[in-house]
Amino acid sequence: MLDKNFVRENLDLVKERLATRGGRYSLDELVSVDTEWKKAVLRSEELRRRRNEASEAIGKLKRNGVDTSEQQATVKQISSEIKSLDETVQAIEERLNSILHGIPNLPDSSVPVGADENENQEIRRWGTAPEFDFDPSDHVDLGTNLGILDTDRAVKIAGARFSLLRGEGALMERALINFMLDVHTLDHGYQEVLTPFVANSTSLFGTGNLPKFAQDLFKIEGTDYYLIPTAEVSVTNIYQGDTLDLEELPKKFVAYTPCFRSEAGSYGKDVRGLIRQHQFNKVELVKFTAPTGSYEELESLTRDAEDILQRLGLHYRVITLCTGDMGFSSAKTYDIEVWLPSQNRFREISSCSNFEAFQARRANIRFKNETGKRQYLHTLNGSGLAVGRTWLAILENYQQKDGSIVIPEALRPYMGGRKSLKK
RNA sequence: GGAGAGGUACCGAAGAGGUCGUACCGGGCCCGACUCGAAAUCGGGUUACCGCCUAAUCCGCGGUACGUGGGUUCGAAUCCCACCCUCUCCGCCA
């Protein structure tokens, strides 16, 4: 959520920056509705002031035994005016909020301007793509042949876009989770948290998933519970409504959670394999920082995520999403994309964003600055990493001619010392 | 699921229709005094949000907020209704 007073005072700048995202936003309407709101609130406050004065006077007169029925009638009249005016104010507020809540974050000035994913900018690459002297298989064939992936039977349990890992496949998923958590807690200084896997609508509003993206979520019928689409939701909301001290910033958390996404509108995309699932595991990094220095924190967060790929020896690149491809709440996003031999291309495995104060404003998360004044802090997060996609990237990148998989050295201690996956 | 208790400032906790939400009292925190220094003691200070004003996130003025939303009333933390949450006991349960 943007600060409406900032929008009002910097209307041209805001328009210009939002235009780079594409889409239309009712900024002029926002300002005019806000003006209307200010006027109505001012009138309401003036009426309240009069009522407060009159009521106090009545109290004093009554104590002296004076008849006050005339004054009471006046105040009653004022009260009914206030009541009807407040209904107006509320209606205006609802209009104001529906506009404001639908406006995405302003892209940071360092974000490349572009219409869609084709204009994202690659900023670095690491490693090299493996070379095969045979035709590499994709992870579905590899996993199925090894007996560690059973996509057909997952359908019986739940349906399409769910998966079942077996034996050493399940072990490797669990090993990856533990490996990632260990690296981030022991070497990168994040505190591990294990959060609820459901969140209420207030929390989802805080991170920007609601109200605009309800169709992407699984809701538990008859409740206000939603399955979390990412640990970003549960971890960011740890401090919903709180004020932190400057000295305790930045706060860094890492959380493993399953993630649940309805994937509405993705029909036909990535239907084969583990790329796009209704449920997947993810290790998420979340930071709460002071506004000063939050972009340095984005750089280091991204490096922390990259470190996992480097330790696993997986070829990847980092791209800066252009203005037209960024998510709703983000001011700047780096995607990390891992090399997939079967597709002969890079695929997203992590997305690292600085939301600046956009989420903090929605979730009311503040800190006390140098002068003791309360101020919205900045939130950041990134996958560190998407576990399912890491799992399939290992299968594809480390496959051997005989269909076995070499386990990356860094992962072996987490897999009972195994060096490979074989039939 | 059943029964009960409770949600008031940073924390504990009082207030039970108007003269104190600059909210009894206690603690914390900040400043000062005492001290070589500290502890103890003593004195002073310390809610948030919104609007108006403004160069200003200072000051000043006004408004709102006692879990949330309604209602009663000239006036609600206080009375009424609904809902949410927390705690205790019982039942069930990994």
Side-chain angles (χ1 to χ4, degrees), chain A residues 1-10 30-97 100-101 194-206 210 219-220 222-226 234 237-249 258 290-292 356-357 360-378:
Chain A
M1 181 164 70
L2 301 180
D3 176 353
K4 66 186 169 81
N5 288 324
F6 178 84
V7 175
R8 167 185 281 284
E9 286 154 26
N10 302 276
L30 179 76
V31 171
S32 71
V33 174
D34 185 44
T35 304
E36 217 182 308
W37 177 83
K38 280 176 196 277
K39 277 185 194 159
V41 165
L42 198 62
R43 271 192 294 153
S44 170
E45 288 184 354
E46 170 61 16
L47 286 172
R48 278 170 207 277
R49 188 188 62 74
R50 281 171 51 202
R51 179 174 70 181
N52 291 346
E53 279 175 7
S55 288
E56 204 181 327
I58 288 168
K60 281 180 185 150
L61 291 170
K62 279 204 150 180
R63 245 169 286 120
N64 297 328
V66 182
D67 175 69
T68 57
S69 44
E70 198 178 308
Q71 289 92 325
Q72 286 184 28
T74 309
V75 176
K76 191 169 187 152
Q77 174 60 32
I78 295 175
S79 279
S80 84
E81 278 179 54
I82 291 173
K83 198 178 168 185
S84 77
L85 188 54
D86 281 354
E87 282 167 15
T88 309
V89 170
Q90 207 171 351
I92 297 171
E93 254 169 24
E94 277 168 25
R95 261 207 296 157
L96 190 66
N97 285 336
L100 195 58
H101 296 164
L194 185 59
T195 71
F197 299 161
V198 298
N200 59 34
S201 55
T202 305
S203 294
L204 285 150
F205 174 79
L210 288 178
K219 184 173 190 191
I220 300 173
T223 70
D224 188 41
Y225 294 143
Y226 295 78
S234 43
N237 279 285
I238 288 173
Y239 293 116
Q240 173 198 126
D242 286 348
T243 302
L244 304 178
D245 287 325
L246 180 60
E247 303 80 60
E248 53 185 333
L249 300 178
T292 311
E356 297 192 4
R361 204 170 280 118
R362 290 171 85 101
N364 193 24
I365 308 171
R366 295 174 294 171
F367 75 106
K368 271 190 191 155
N369 67 18
E370 302 80 351
T371 64
K373 197 80 191 159
R374 278 160 213 259
Q375 192 182 334
Y376 292 113
L377 49 70
H378 283 191

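Letters A, B, ... are given to chains in the order of the sequence lines, protein chains preceding strands, and every chain is numbered from 1.
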ask   = What integer number of Å spans the C1' atoms of B:C84 and B:U68?
value = 7 Å
task = Could you give the distance separating B:C24 and B:G62 at their C1' atoms, to the nearest angstrom?
result = 28 Å
query = From the list B:G51, B:G63, B:C49, which nucleotide is the closest neighbour of the side chain of A:Arg366?
reply = B:C49
A:Asn364 side chain near B:A48 phosphate (N/O to OP1/OP2, under 4.0 Å) = no
ask   = Which value, in whole Å, describes the distance between the C1' atoms of nucleotides B:C11 and B:U47?
value = 14 Å
key: Separation of B:G75 C1' from A:Leu47 CG (nearest whole Å)   = 16 Å
ask   = Within the pair A:Ser79 and B:U73, is there a side-chain N or O less than 4.0 Å away from OP1 or OP2?
value = no
inquiry  = So, does A:Lys39 get its side chain near the phosphate of B:C52, meaning an N or O under 4.0 Å from OP1 or OP2?
reply    = no
key: Closest approach of A:Ile220 to A:Val198 (non-hydrogen atoms, all atoms of both residues)   = CD1-CG1, 3.9 Å
key: Nucleotide-resolved protein contact map, nucleotides 56-62 of chain B, B/S/- at heavy-atom distance under 4.0 Å   = -S----B
Separation between the C1' atoms of B:C74 and B:C83, rounded to whole Å = 29 Å
inquiry  = On the six-membered ring of A:Phe367, is A:Arg374 placed so that its NZ or CZ lies under 6.0 angstrom from the centre and within 45° of the ring axis?
reply    = no
request  = Please figure out whether A:Glu53 or A:Asn5 has its closest RNA chain B nucleotide nearer the 5' end.
outcome  = A:Asn5
request  = Tell which nucleotide pairs with B:A77, taking only Watson-Crick or G-U wobble pairs whose two distances are both under 3.5 angstrom.
outcome  = none
ask   = Do other residues, nucleotides or ligands put more than 12 heavy atoms under 6.0 Å from A:Lys38 NZ?
value = yes
ask   = If you count the non-hydrogen atoms of other residues, nucleotides and ligands that lie under 6.0 Å from CZ in A:Phe197, is the total more than 12?
value = yes
note = On a heavy-atom basis, the closest approach of A:Phe205 and A:Arg362 is O-NE, 2.7 Å
key: Rounded interatomic separation in angstrom, taking OH from A:Tyr239 and C1' from B:C10   = 16 Å
